[in-house]
Amino acid sequence: EREATERCCPQRHSSRAGIRDPAFTDGKQTAAGFSAIRRKEVRANVKYHIIYRHRTEYPVAVMCKFFAVSRSGYYAFVHRLGRPEQDSALAAIIAQQRERSFRTYGYRRMWLWLKHQNIFCNPKTVLRIMKKYDLLSEIRRRRKWQQMGQQVHKYQNLLNRDFHADKPNSKWVTDISYIHTKQGVLYLSMIRDLYDNSIVAYKTGTEQTVNLVLDTIRLAMRQEKKRVAGELQLHSDQGAQYASQAYFELIQTYDITPSMSRCGNPYDNAMAENFFSILKTECIYRHKPATFSQANELIDRYIYFLSLIHI
């Protein structure tokens, strides 16, 4: 920086060098690598910092002219010195919540969380600050839909993409997903309540069997038995486990009304798909579990986190 600023006022240093300043030969003013083109590429704030640092050594007007910045812009910069940056306080709050949420919140969820904390601002302001301070979340990966096995029972699509529930335990959705580890594939079965999008129950296993689904339903009913609505609807895709005889008998035992997605329509069970997408993007893909135990621990921690904060 000093060399650059010395070059901008050669008359003060020509006697010291004893030769003509090469930086000003033929009027090109290369100034320690700062050619006319290069000086335009340097951000104004960087130039202001250089001018401010050497303000007692060289005339401000000369340095402003050399760096192609206005004197009014420089003095505005000086006026702002010592003041906290406008976004710094909000950025600090967002950064803290980002760590608490395992760095998973996008600007929409962050805006909702701020709103719950009585911190009101425009969502675009939150997005701008998260971009400015590198606080953005990761992009989700899309999951491919698959249908496996042969159907024994088929049910009507009673849910019909109506993902709103007026009371708890009246509409549940369920599905199975795959968690890839170096040890093999871990299968995760879960049930989600559409009233508040909470996870009612979940089970993991190393085999994708109907028992994994049945155990998940038993766990859900054991935990929510006293609070289950009079007419409980359980929606699933057309996977072989949900079309099996064992599944049919168990839901009859609990007096659960089954609902099933149409063939080739994964969006019919979008809320179940949505949970797995969030879980994998915000947890599994980022930590890449090597073993079943590591995967189970990550799943337990993340679902517990979701149970505390519903955003």
Side-chain angles (χ1 to χ4, degrees), residues 83-143 159 161-175 177 179 188 190-202 219-220 223-224 226-229 232-233 235 267 269-287 296-311:
R83 294 184 178 182
E85 196 172 347
Q86 184 179 0
D87 300 326
S88 59
L90 185 56
I93 296 172
I94 292 174
Q96 291 176 0
Q97 178 59 18
R98 181 175 182 257
E99 295 302 319
R100 285 195 290 265
S101 65
F102 304 106
R103 303 185 178 187
T104 59
Y105 278 13
Y107 81 93
R108 292 182 182 87
R109 281 202 287 176
M110 190 64 74
W111 173 72
L112 286 172
W113 179 83
L114 289 169
K115 189 177 178 181
H116 292 164
Q117 308 303 310
N118 293 323
I119 301 174
F120 301 100
C121 55
N122 192 293
K124 292 182 180 179
T125 300
V126 178
L127 176 60
R128 177 179 59 79
I129 293 174
M130 293 180 74
K131 284 182 177 180
K132 179 179 178 181
Y133 291 90
D134 194 22
L135 299 174
L136 294 172
S137 65
E138 297 181 6
I139 299 174
R140 297 180 185 173
R141 302 184 188 180
R142 296 187 178 273
R143 176 194 168 196
L159 184 63
R161 300 191 187 182
D162 180 10
F163 302 122
H164 173 74
D166 295 322
K167 53 187 175 181
N169 300 314
S170 58
K171 290 181 181 179
W172 289 354
V173 294
T174 185
D175 201 357
S177 191
I179 309 297
L188 170 62
M190 71 85 203
I191 295 176
R192 191 180 197 183
D193 192 338
L194 294 183
Y195 176 73
D196 58 1
N197 291 329
S198 61
I199 303 303
V200 180
Y202 66 97
L219 178 60
Q223 293 179 166
E224 302 293 330
K226 295 180 180 179
R227 292 178 286 181
V228 168
L232 171 61
Q233 186 181 105
H235 184 84
Y267 295 112
N269 202 20
M271 294 305 293
E273 302 276 355
N274 168 260
F275 167 73
F276 289 131
S277 173
I278 295 173
L279 170 71
K280 291 181 179 180
T281 300
E282 298 186 350
C283 182
I284 302 301
Y285 293 149
R286 295 175 61 239
H287 298 287
N296 277 314
E297 183 180 356
L298 286 173
I299 293 168
D300 290 341
R301 284 175 52 199
Y302 189 76
I303 292 180
Y304 176 72
F305 161 72
L306 291 181
S307 70
L308 297 177
I309 304 176
H310 296 303
I311 295 180

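Values below: all heavy atoms of this structure, side chains included; hydrogens, waters and symmetry mates excluded.
- Partners of D300 by side chain to side chain contact (heavy atoms under 4.5 Å, CB included), not counting sequence neighbours, listed by chain and number: Y202.
- By the 6.0 Å contact criterion, OH on Y195 is open, its count of non-hydrogen atoms from other residues, nucleotides or ligands being 12 or less.
- Counting only heavy atoms from C-beta outward, the side chains of L279 and L188 approach each other to under 4.5 Å.
- Residues meeting the side chain to side chain contact (heavy atoms under 4.5 Å, CB included) test with E99, sequence neighbours left out: R103.
- For the pair Y133/D87, a side-chain contact is recorded, criterion being any heavy-atom separation below 4.5 Å from C-beta on.
- Separation of atoms CE (M190) and CD1 (I299) is listed at 12.0 Å; rounding is to 0.5 Å.
- Atom CG of N274 and atom CG of N269 lie 10.5 Å apart (nearest 0.5 Å).
- The closest donor-acceptor contact from the side chain of T281 to the backbone of S277 lies under 3.5 Å.
- Of the possible donor and acceptor atoms, none in the side chain of N197 sits under 3.5 Å from a partner among the backbone N and O of R192.
- Separation of atoms CD1 (I199) and CZ (F275) is listed at 4.0 Å; rounding is to 0.5 Å.
- Between M130 and Y107, the closest heavy-atom pair is SD-CA, 3.6 Å.
- Other residues, nucleotides and ligands place no more than 12 heavy atoms under 6.0 Å from the CZ atom of R301.
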Steps toward side-chain contact (heavy atoms from CB on, under 4.5 Å) verdict (K280, I179): CA-CA 8 Å; K280 291 181 179 180; I179 309 297; 4.1 Å; yes

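- S307 and Y304 make their closest contact through OG-O, 2.5 Å (heavy atoms, listed as atom of the first residue, atom of the second, distance).
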Verify side-chain contact (heavy atoms from CB on, under 4.5 Å) between L159 and L194, making sure each step is shown before the conclusion. CA-CA 11 Å; L159 184 63; L194 294 183; 4.0 Å; yes

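- The aromatic rings of F102 and F305 sit perpendicular to each other, their planes meeting at more than 60°, with 30° as the lower class boundary.
- Closest non-hydrogen pair, T104 versus R286, comes out as CG2-NH1, 4.2 Å.
- K115 pairs by the side-chain hydrogen bond (donor to acceptor under 3.5 Å, both in side chains) definition with nothing, not counting sequence neighbours.
- A165 approaches S170 most closely through the heavy-atom pair CB-OG, 3.7 Å.
- Rounding to the nearest 0.5 Å gives a distance of 12.5 Å between CE of M271 and CZ of F276.
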List the steps, then state whether side chain to side chain donor-acceptor pair (under 3.5 Å) holds for H164 with D166. CA-CA 7 Å; H164 173 74; D166 295 322; 2.9 Å; yes

Go through the steps for L90 and L114 under the test side-chain contact (heavy atoms from CB on, under 4.5 Å), then give the verdict. CA-CA 10 Å; L90 185 56; L114 289 169; 4.1 Å; yes

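- Residues I278 and Y302 have side chains in contact (heavy-atom distance under 4.5 Å, counting atoms from C-beta outward).
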Quick one: do I93 and Q117 satisfy side-chain contact (heavy atoms from CB on, under 4.5 Å)? Show the steps, please. CA-CA 11 Å; I93 296 172; Q117 308 303 310; over 6 Å; no

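- E273 contributes no side-chain N or O that, together with a main-chain N or O of Y267, makes up a donor-acceptor pair within less than 3.5 Å.
- In this structure, the separation between NZ on K131 and CG on L127 is 4.5 Å, given to the nearest 0.5 Å.
- Listed for the D193 side chain is a donor-acceptor partner under 3.5 Å among the backbone atoms of N169.
- Atom CG of D196 and atom NZ of K167 lie 15.0 Å apart (nearest 0.5 Å).
- Heavy atoms only, all atoms of each residue included: L232 and K171 are closest at CD1-N, 4.3 Å.
- Here the shortest heavy-atom pairing between A220 and I191 reads CB-CD1, 3.8 Å.
- Looking at W111, its side chain never comes within 3.5 Å of a backbone N or O of N122 through a donor-acceptor pair.
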